[in-house]
Participant: 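The structure under discussion is supplied below as structure tokens; questions concerning it will follow.
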Amino acid sequence: MTNKEIAKLFRAVAASYSIKNEKKFRFQIIAYQKAADAVDGLTTQLEDLYKEGELEEIPGIGATIKGRLEELFKKGKVKHFEDVMKGIPPSVFVLMEIPSIGPKKAFRISSHFHIKNPQTCINEVEKLAKSGKIAKLEGFGEKSEADILRAISEFKEGKGKTTRILLSYAGEVADQILDYLKKFEYVKDAAPLGSLRRMKPLVGDIDIAATTTKPKQLIEHFIKYKRVDRIIEKGPTTASILTTAGNQIDLMVLSPKKWGSLLQHFTGSKDHNVALREYALKKSLSLSEKGIKNLKTGKMNEFSKEEEFYKSLGLSWIPPEMRENTGEIELALKNKLPKIVELGNIKGDFHIHTSFPVEPSHDLGKNSISEMLQKAKELGYEYLGFSEHNPSQSKHTKQEIIDLILKRNEEVERQNNLHGVKTFKLMETDILPNGELALPEEALEKLDATIVSIHSVFKMGRTEMTKRVLTGLSHPKAKILAHPTGRLLNERYGYDLNFDEIFEFCKKNNKALEINAYPNRLDLYDELIRKAVDGKVLLSIDTDSHAVYQMELMRYGVAQARRGWATKSDIINALSYDEVKKWFSL
DNA sequence: GCCGTTTTCGGCCCGACTGTTTTCAGTCG
């Protein structure tokens, strides 16, 4: 059973509890939902963790659920779950996937109309709604019937919250709406928050907060945005719209005096906020977007600055990228948060593709070596590493490959410091399926170092793939493993590697792992970065640019490093030119 | 059912909006 299926099962159990008796099972419901979230966020298969005896290390899974999981893996089913879900037709759990339909409504409809089949239930409900039968049900009405119909049709089109979009794209959408919001003259502050501010690689809803002295008018202005497909909801302080492109945008508006607490609240994550509020509650303080309420005196404290909000709880300010409730609150209480890396610490970029004709089997860049160097200067870099793909092996003789590399090197050297930016002679060399590098020894010798990466035969077992990568990395010139998991967001999962082994090897042999800043890669990703940092493995944040403008993407890579709690000292390209040169020769 | 810098028992975040309701249930984040 996959993690996705298990998470779904847990949600079904939670839903069953709330159908049976929401009050009585209140905490079981929360526990199973929490466990489902935990499983969903896992990057390792639960079944592997079970085999390795590490189930209890997952926060949100305690003794009881651990026992249920063991039963599930042994027998393929869980007696207790079957009892809890008894009498609830399977269609309920499918109908719940439709926005605005929760467990109660799904159960009411399913049982009243005797709908059971999970495959056909959505169409059956659609038909009932069209014929006006849902509206006659007690507790439903014309509006909720129309709502269900619309929700089903949007669900079928894949609109709204069913899709997650790339961080960079979400940023653009947010910028456009911010520009529009700022046309309303009484807006004081406005910013994208939520997962966008936390810089998660994929963003669901786009959350925007604003302060103004005229909230009602600002909400009216917001919903008149020209790209509105539908207004999802609208109240005095919040509103949500669905854009014609199918993105949901949530706006929350408060007075400028509350900007600090609004920022904190709407940035999340949910887990971070819940943990923070539980902590505050022990001090008789209740937190919300409106401020901090003292439960003893009833007095509400307002905050115009987020730093003050955290400070008044006795915490140092926590960078948004760290707010995932993975230990940051505890450290902030002791004022011991690590000083995580910043964009300004970056002194260069090692993963740069140019248009220099090295005749690779993969793609060339669009701009010249000189143009990329000019951009590097603009970015304030000290150095740039050129790493075109290796010349194709099938179309060239060994000598031709060596000559191509020499020619490219000549040009890189000629440009060294010409624009005030120093250069490194690198390459991005394929690791072949047998672990060998796709460049002859005589060519590798002529390089300062090489980036190595997998670009073919992705479907290998974990052990075999790990061996392949480690063999490739063993070459003394191989210093950086590019886009280590090979994932492409919204397109494909990466290949399977034993990262414990990779980390250990890298640390021992002075190799670095790349954090690829390209928006659909962002790989290594946060969780593995955190483990790499814990294991003292060096990282290199690179843009993988194939054109000048892509060199601006560095900030996304830095953001992932921050999400993984990396500090300046963990990052190779935060070192000076001389230090890098030395490290390459290690 | 989970969890621990007042606790291994007794707590468990906080609020928004909609629709069908005469005071609240359901859903969402």
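What you see is a predicted model, and the numbers here were worked out from it, not measured in a lab. Chain identifiers are assigned alphabetically (A, B, ...) following the order of the sequence lines, protein sequences preceding nucleic acid strands; residue numbering begins at 1 within each chain.
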Participant: Tell me whether the side-chain N/O atoms of A/R68 come closer than 4.0 Å to OP1 or OP2 in B/dG1.
Facilitator: yes

Participant: Please determine which of A/K305, A/K258, A/E306 meets the side-chain contact (heavy atoms from CB on, under 4.5 Å) test together with A/L263.
Facilitator: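 In the set A/K305, A/K258, A/E306, the residue that makes a side-chain contact (heavy atoms from CB on, under 4.5 Å) with A/L263 is A/E306.
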
Participant: In whole angstrom, give me the gap between the P atoms of B/dT20 and B/dC28.
Facilitator: 16 Å

Participant: Using a cut-off of 4.0 Å on non-hydrogen atoms, how would the nucleic acid contact of A/K34 be classed: base, sugar-phosphate, or nothing?
Facilitator: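 Counting heavy atoms under 4.0 Å across all strands, no contact is made by A/K34.
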
Participant: In whole Å, what separates the C1' atom of B/dT5 from that of B/dA16?
Facilitator: 34 Å

Participant: Hey, is the side chain of A/K290 poking within less than 4.0 Å of OP1 or OP2 on B/dA16, counting only N and O atoms?
Facilitator: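 True: A/K290 side-chain N/O within range (under 4.0 Å) of B/dA16 OP1/OP2.
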
Participant: Which part of the nucleic acid does A/H80 contact within heavy-atom distance under 4.0 Å: base, sugar-phosphate only, or nothing?
Facilitator: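 It contacts sugar-phosphate atoms only.
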
Participant: Categorize A/L281 for me: base, sugar-phosphate, or nothing, with a 4.0 angstrom heavy-atom threshold over every strand shown.
Facilitator: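 Sugar-phosphate contact only.
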
Participant: Is A/S100 near enough to B/dT27 that one of its side-chain N or O atoms lies under 4.0 angstrom from OP1 or OP2?
Facilitator: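 It does not, given that no N or O in the side chain of A/S100 lies less than 4.0 Å from OP1 or OP2 of B/dT27.
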
Participant: Are any of A/T237's side-chain N or O atoms less than 4.0 Å away from OP1 or OP2 of B/dC17?
Facilitator: yes

Participant: Using a heavy-atom cut-off of 4.0 Å across all strands, would you classify A/E145 as base, sugar-phosphate, or nothing?
Facilitator: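 The answer is nothing, as A/E145 stays clear of every strand by at least 4.0 Å.
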
Participant: Closest approach of A/K20 and A/V84, non-hydrogen atoms and distance?
Facilitator: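 Closest approach of A/K20 to A/V84, heavy atoms only: NZ-O, 2.6 Å.
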
Participant: Looking at A/T238, I'd like to know whether one of its side-chain N or O atoms comes within less than 4.0 Å of OP1 or OP2 on B/dG15.
Facilitator: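 For B/dG15, neither OP1 nor OP2 has a side-chain N or O of A/T238 closer than 4.0 Å.
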
Participant: With sugar-phosphate meaning primed atoms plus P, OP1 and OP2, does A/F140 contact a base, only sugar-phosphate, or nothing at under 4.0 Å between heavy atoms?
Facilitator: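 It contacts sugar-phosphate atoms only.
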
Participant: Between C1' on B/dC3 and CD1 on A/I30, what's the gap in Å once rounded to a whole number?
Facilitator: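 Taking atom C1' of B/dC3 as the reference, CD1 of A/I30 is at 13 Å.
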
Participant: Under 4.0 Å between any heavy atoms, over every strand shown, what does A/F266 touch: base, sugar-phosphate, or nothing? Just pick one.
Facilitator: nothing

Participant: Grab the CD1-C1' distance between A/I29 and B/dC13 for me, whole Å please.
Facilitator: 16 Å

Participant: Looking at A/S240, does any N or O in its side chain come under 4.0 Å of the phosphate oxygens OP1/OP2 on B/dC17?
Facilitator: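 Answer is no, no contact under 4.0 Å.
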
Participant: If you compare all heavy atoms of A/Y556 against all heavy atoms of A/A517, which two are closest, and at what distance to 0.1 Å?
Facilitator: CB-O, 3.8 Å

Participant: Identify whether any heavy atom of A/Q28 sits under 4.0 Å from a base atom; if not, whether one sits that close to sugar-phosphate; answer base, sugar-phosphate or nothing.
Facilitator: base

Participant: Using the C1' atoms only, state how far B/dT21 lies from B/dG11, rounded to an integer number of Å.
Facilitator: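 Per the computed distance, 34 Å lies between those C1' atoms.
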
Participant: Below the 4.0 Å mark, does B/dG29 have OP1 or OP2 next to a side-chain nitrogen or oxygen of A/K270?
Facilitator: no

Participant: Regarding A/S100 and A/R150, do their side chains bring together a donor and an acceptor under 3.5 Å, going by distance alone?
Facilitator: no

Participant: Suppose the criterion is salt bridge (charged side-chain N to carboxylate O under 4.0 Å, His left out): which pairs have a residue in residues 57-77 of chain A, not counting sequence neighbours?
Facilitator: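 Passing the test, one end in residues 57-77 of chain A: A/E56-A/K66, A/K66-A/E70.
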
Participant: Could you tell me which non-hydrogen atom of A/V203 sits nearest to which non-hydrogen atom of A/A170, and how far apart they are?
Facilitator: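 Looking at all heavy atoms of both residues, the closest pair is CB-CB, 3.8 Å.
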
Participant: Looking for any heavy atom pair under 4.0 Å, which part of the strands does A/E330 touch: base, sugar-phosphate only, or nothing?
Facilitator: nothing

Participant: Assign A/G60 to base, sugar-phosphate, or nothing according to its heavy-atom contacts below 4.0 angstrom with the strands shown.
Facilitator: sugar-phosphate

Participant: Using Watson-Crick or G-U wobble geometry with both distances below 3.5 Å, tell me the partner of B/dT8, or none.
Facilitator: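 B/dT8 is unpaired by these criteria.
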
Participant: Under 4.0 angstrom, heavy atoms only, what part of the nucleic acid is A/A63 near: base, sugar-phosphate, or nothing?
Facilitator: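 Sugar-phosphate, no base atom in range.
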
Participant: Report yes if the ring of A/F27 lies under 5.5 Å from the six-membered base ring of B/dC12 with planes under 30°, and no otherwise.
Facilitator: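 A/F27 ring centre within cut-off of B/dC12 base, planes near parallel; stacks.
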
Participant: Mind checking if A/I232 touches a base, just sugar-phosphate, or nothing, with heavy atoms under 4.0 Å?
Facilitator: nothing

